[in-house]
Amino acid sequence: MNRNIYVTKIKTLLNILKGEIKDSGKLNLLDVNVHVEDFFRDLLNLIYGWQLQNMNQSDPNAAGGDLCSDDDKIVIQVSSTTTKDKIQSSIDKLKNVSDDAVDGLGTLFGGIDGDVIKLRKESYNTHDDIVFDPSVDIIDISTLLKDIANLDIACLRRVCELCEKEIVPLDTPKVTETDLAIVVKALATNVKDWSKDRRPI
């Protein structure tokens, strides 16, 4: 089924991205993190129907988050490493921006790597203004894959196309037919049906 093909391909590509981000972080090559924010903006918009914008485009040092949607009342921090301190720090920064700006605002923490199951059981100080339920508002690649698997086929195809455009290297060589394969095909199409002329010896 096409659904299975799409989900498998998306899972493979997201895990490639996860590995690339982890390896880049170990080498302190953080350029990829800037582009990952835009990728996750588009991916989350497709999956959940949000209208997320990259906060860093208007303010390179936006406090408390990377992506936001005024319509959906959401702020999302995209992070390559997920820890309790990092999550709490994002909530604290968001609170300090402006009481008017965050009143009733929900926040999500999108972690690429980390023990999400453990972090969902922790408690966080949301300052009574920010809506944050760690059991559902900390998302990772596995969470996204579960939600992706339940999308309708048209949306699933768009998610797959986005992942292919963003994650597959541009210089990936195209698979072409070898000369030997061309010769074998040519011989196979010109084989005479010898069964009619067979006579016992």
Using side-chain heavy atoms (C-beta onward) and a distance below 4.5 Å, is [X] in contact with [Y]?
| X | Y | value |
| --- | --- | --- |
| F39 | I167 | yes |
| I10 | L156 | yes |
| Y6 | I153 | yes |
| M55 | L67 | no |
| D140 | L144 | no |
| L14 | I16 | no |
| I74 | I76 | yes |

When you measure from the side chain of [X] to the backbone N and O of [Y], does any donor-acceptor pair fall under 3.5 Å?
| X | Y | answer |
| --- | --- | --- |
| S89 | D85 | no |
| D152 | A154 | yes |
| R120 | I138 | yes |
| Q88 | N125 | yes |
| R157 | N2 | no |

Nearest-0.5 Å distance that lies between atom [atom1] in [X] and atom [atom2] in [Y]:
| X | Y | atom1 | atom2 | answer |
| --- | --- | --- | --- | --- |
| I141 | K146 | CD1 | NZ | 13.0 Å |
| D133 | Y124 | CG | OH | 11.0 Å |
| L52 | L44 | CG | CG | 6.0 Å |
| C160 | I5 | SG | CD1 | 9.5 Å |
| T82 | I139 | OG1 | CD1 | 10.0 Å |
| E166 | D38 | CD | CG | 8.0 Å |

- Message: Could you check whether R41 pairs with E37 (Lys NZ or Arg NE/NH1/NH2 to Asp/Glu carboxylate O, under 4.0 Å)?
- Response: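 No salt bridge links R41 with E37.
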- Between D66 and Q77, a side-chain donor and acceptor under 3.5 Å: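 Q77 and D66 do have a side-chain donor-acceptor pair below 3.5 Å.
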- Distance-only donor-acceptor check, side chains Y48 and D147, under 3.5 Å: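 Short answer, yes.
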What are the two closest heavy atoms between [X] and [Y], and how far apart are they?
| X | Y | answer |
| --- | --- | --- |
| G65 | V75 | CA-CG1, 3.8 Å |
| I91 | T126 | CG2-CA, 4.0 Å |
| F40 | V78 | CD1-CG1, 4.1 Å |

- More than 12 heavy atoms of other groups within 6.0 Å of K11 NZ: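 Open.
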